[in-house]
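Numbers for residues simply follow the sequence, beginning at 1. Because the structure is a prediction, the values reported are computed rather than measured.
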Amino acid sequence: MRRISISLCIVASLFFPSCILPAFARNDSDTAAKSARKKNQAATPKLALDGFDDFMTQVLKDWKVPGVALGAVKDGKVILLKGYGYRDLEKQLPVTPNTLFAVGSITKSFTVTLLGMEMDEGKVDWDKPVRNYLPDFRMYDPVLTEQLLMRDLITHRSGLPRHDLVWYSSDFPREDLLRRLQFLEPNKPLRSRFQYNNLMFMTAGYIAGQLNGKSWEDSVRERILVPLGMNGTTFSEKATQAAPDFAQPYQKGNDVKSDVKRMPFDEQCPDTCALGPAGEINSSVADMSRYVLFHLNKGKVEGKTLLSENNATQMQTPQMVIPGAPDFKEQSENSYGMGFFISSYRGHKQVEHGGNIDGFSADMIFLPNDGIGVVVLTNLDETAVPYVVANNVLDRLLGMDQVPWSQRYLDQEMKAKESEQEAKNKNYTPHKTGTHPSHDLKEYTGDYGNPGYGVVSIAEDGDHFKMTLNRMTKRLEHLHYDVFQVPDDPFDQFAKLRVMFFSDANGDIASLSMPLETNVKDIVFARLPDKQLTERSFIAAFTGQYELPSSPTPFTVSLRGEHTLIFSTPGSPDVELIPKRGTTFDLKDQSGVSLEFKRDEAGKVVEAALSDNGTTVVLKRK
């Protein structure tokens, strides 16, 4: 009754100023209300998370995930920091709130945050061309080179598909990856379709570092990590493994009954990785909870603005539609902001980004209109556990019934694996039996190059091949005809990758191709010349004069510089000899014309065979 009268008087006071509450009534009521609110705010999360530990015990068991770290925030405060399971399964070391995990692609939002800070300072503009800040920038299409904007880099709308094997298989420096972009084929027009791309984010991060006068890593540390107090966060596996509390990476095979297996850290990328701005950060839920609060507070920390509210809001606003309907009714259609995915969860606006990198899976979700945020870090490769756990926490903190996310995702995974096994059992996999390679195995060996993807080396390994793509080595077995395949292995993500060899008009193996990017044509690697054909000590023996059967005037083979042979005839322009293999060279810009030097039994060069599109003549050395 008292509440009604007070409420009526408050309403009346809007029209009749004389209707004023007595001082004691105002103070007592305000104090009581504030006290009740504080009590409810403190009690609600605790009550909502009642039984959560039992839920996590079942999740770890069902998904065979070694360890999970969880951070949750609500109404500007951290309400839960906890570890479950083990950061090191073999040593039975428990996960703690300070355990370092790779956060993978959550890193992308750090890159956009840094660029946003630089935009606030007038150093960059989202809607200016990339070439304004990186003059040497080149894409496959010259028009795309000129029109690509900074905003395009961070919204996955460049028209370029992933081409991830360029960086994943290599240790190319950041500048080299930038140079190779011009050789990577796009498959869509600019801004026509969402296509996730790590290389574009790497480019954005490189520019952000340059604008700050430092590396991307130092810039993020100085402008984000230090102000937010994220003191444990690192940028390298070396630094992570030097910390007292870090998680070991694990993977689970593709087989339905597969157990968990320890993965090695990437020894080729110990200090910093070229792709860093797209996925290099390692952090803990203690640190990441600070980062979630920073974005929930639209760029502010402890009352200080690090990122303008305008740019913080743009990050959380749809920029690019993502085609496709949601799998479940609780989810909405998806879009991408700037470094974040934007959707809704059970009617509540959701801002999110996941992360998957060798041995680790993560997710960071926040509901900006509800003041709720969740970070889930795990040490298992490509698992749905972060989404299962995060969604359950959201259900609880929103006061809604708990959706059986774990069972839903388990069912999806099981059905996919059972379907794959069924196809295998029914022999539906394309395979022509009873065939054999068209050449002796030794004729396939050598180096093959692609200006974007690097070098593939093929070497004999008993009855099979050993294939090395940059720094990644795989075994190849014969599948059919001139197609070879990486053996089936539930723990190898490259299992069943096919390599196809092609012959030229002369019957020599001249190239190979692999489906390294499924959204464009197979990536072709042209056979590279034998290394000895670029060594002066080897090719000097080919110099001299050779008699043409149809002319009294001989032609001359001479050295130009240290490594180049030149074919000369009087009165005609010199022709460069392009190294091929063995002792064979192609004549530059003359299709189908080659010159092969011949030795006698003593090893002396005595003649050459000049082939012109099927017609061959012998040239005697003078």
Side-chain angles (χ1 to χ4, degrees), residues 52-53 55-72 80-107 168 230 232-255 258-267 269-270 273 279-289 291 353-365 374-393 406 409-410 413 490-493:
F52 183 73
D53 287 354
F55 168 79
M56 286 302 302
T57 299
Q58 191 63 44
V59 166
L60 265 64
K61 179 181 178 182
D62 290 343
W63 289 91
K64 299 182 181 179
V65 59
V68 177
L70 171 65
L80 179 64
L81 293 175
K82 193 166 184 178
Y84 298 88
Y86 299 104
R87 61 186 176 92
D88 189 319
L89 200 56
E90 292 76 20
K91 295 181 180 179
Q92 297 284 283
L93 300 177
V95 173
T96 76
N98 294 309
T99 300
L100 292 177
F101 295 78
V103 305
S105 287
I106 298 174
T107 300
Y168 189 84
M230 298 176 67
T233 300
T234 72
F235 295 96
S236 73
E237 294 182 349
K238 183 177 181 181
T240 297
Q241 292 176 78
D245 189 351
F246 69 92
Q248 296 287 350
Y250 295 88
Q251 67 178 141
K252 188 170 63 173
N254 294 324
D255 186 87
S258 181
D259 289 322
V260 170
K261 177 182 177 182
R262 175 90 161 263
M263 292 182 74
F265 280 103
D266 188 353
E267 298 300 328
C269 194
C273 284
E280 183 179 347
I281 286 176
N282 306 278
S283 193
S284 65
V285 291
D287 277 7
M288 290 298 295
S289 293
Y291 184 64
H353 212 297
N356 284 284
I357 200 163
D358 290 358
F360 297 96
S361 301
D363 195 29
M364 183 180 89
I365 294 178
V374 184
V375 179
V376 184
L377 307 178
T378 73
N379 55 343
L380 185 62
D381 194 53
E382 294 185 348
T383 178
V385 166
Y387 309 104
V388 167
V389 174
N391 285 347
N392 183 265
V393 173
S406 186
Y409 282 121
L410 280 170
E413 183 178 278
F491 288 98
D492 188 352
Q493 60 183 313

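Residues Gly354 and Ser105 share a closest heavy-atom pair of O-CB, 3.5 Å. Of all heavy-atom pairs spanning Val59 and Ser406, the tightest one is CG2-OG, 4.4 Å. Tyr250 and Arg87 make their closest contact through CE1-O, 4.2 Å (heavy atoms, listed as atom of the first residue, atom of the second, distance). Residues Gly279 and Ile357 approach most closely at O-CD1, 3.4 Å, considering heavy atoms. Here the shortest heavy-atom pairing between Ser361 and Thr383 reads OG-N, 3.2 Å. Ala362 and Ala102 make their closest contact through CB-O, 4.4 Å (heavy atoms, listed as atom of the first residue, atom of the second, distance).
With rounding to the nearest 0.5 angstrom, the CG atom of Leu380 is 13.5 Å from the NZ atom of Lys261. With values rounded to the nearest 0.5 angstrom, Thr240 atom OG1 is found 5.5 Å from Leu100 atom CG. Note that OG of Ser236 is 9.0 Å distant from CD of Gln241, once rounded to the nearest 0.5 Å. With values rounded to the nearest 0.5 angstrom, Glu382 atom CD is found 6.0 Å from Asn356 atom CG. Separation of atoms CZ (Phe101) and CD1 (Ile106) is listed at 12.0 Å; rounding is to 0.5 Å. If you take CG on Asp287 and CG on Leu377, they are separated by 10.5 Å, rounding to the nearest 0.5 Å.
Donor-acceptor pairing under 3.5 Å is lacking for the side chains of Asn379 and Tyr86. Under 3.5 Å, the side chains of Trp63 and Thr378 contain no donor-acceptor pair of N or O atoms. A donor atom on one side chain and an acceptor atom on the other are found under 3.5 Å apart for Arg262 and Gln248.
A distance-only check finds a donor-acceptor pair linking the side chain of Asp381 to the backbone of Gly359 [under 3.5 Å]. Listed for the Thr107 side chain is a donor-acceptor partner under 3.5 Å among the backbone atoms of Gly104.
Using a 4.5 Å heavy-atom threshold, the side chains of Gln493 and Asp358 count as touching. With contacts defined as side-chain heavy-atom distances shorter than 4.5 Å, the pair His353/Met364 does not qualify. Between Asn392 and Val388 there is no side-chain heavy-atom pair separated by less than 4.5 Å. Annotation: side chain of Leu60 is in contact with side chain of Met56 (closest heavy-atom distance under 4.5 Å).
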Discussion item. Evaluate Tyr84 against Phe52 for side-chain contact (heavy atoms from CB on, under 4.5 Å), listing each step before the verdict.
Written reply: CA-CA 11 Å; Tyr84 298 88; Phe52 183 73; 3.4 Å; yes

Worksheet entry | CA sep, side-chain torsions, deciding dist, call: Ser284, Asn98, side chain to side chain donor-acceptor pair (under 3.5 Å) | CA-CA 5 Å; Ser284 65; Asn98 294 309; 4.5 Å; no

Worksheet item: Is there a side-chain contact (heavy atoms from CB on, under 4.5 Å) between Ile281 and Thr233 once you walk through the steps?
Response: CA-CA 7 Å; Ile281 286 176; Thr233 300; 3.6 Å; yes

Item to complete: Tell me, with the steps shown, if Met288 and Leu81 meet side-chain contact (heavy atoms from CB on, under 4.5 Å).
Response: CA-CA 10 Å; Met288 290 298 295; Leu81 293 175; over 6 Å; no

Item to complete: Kindly determine whether Phe265 and Lys238 satisfy side-chain contact (heavy atoms from CB on, under 4.5 Å), including the steps that lead there.
Response: CA-CA 9 Å; Phe265 280 103; Lys238 183 177 181 181; over 6 Å; no

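Aromatic ring pairs are classed by plane angle as parallel below 30°, tilted from 30° to 60° and perpendicular above 60°; the pair Tyr409 and Tyr387 is tilted.
For the side chain to side chain contact (heavy atoms under 4.5 Å, CB included) with Leu70, the qualifying choice from Val374, Val375, Val285 is Val374, the only one to do so.
Under a 4.0 Å N-O distance rule, the pair Lys252/Asp259 does not qualify as a salt bridge.
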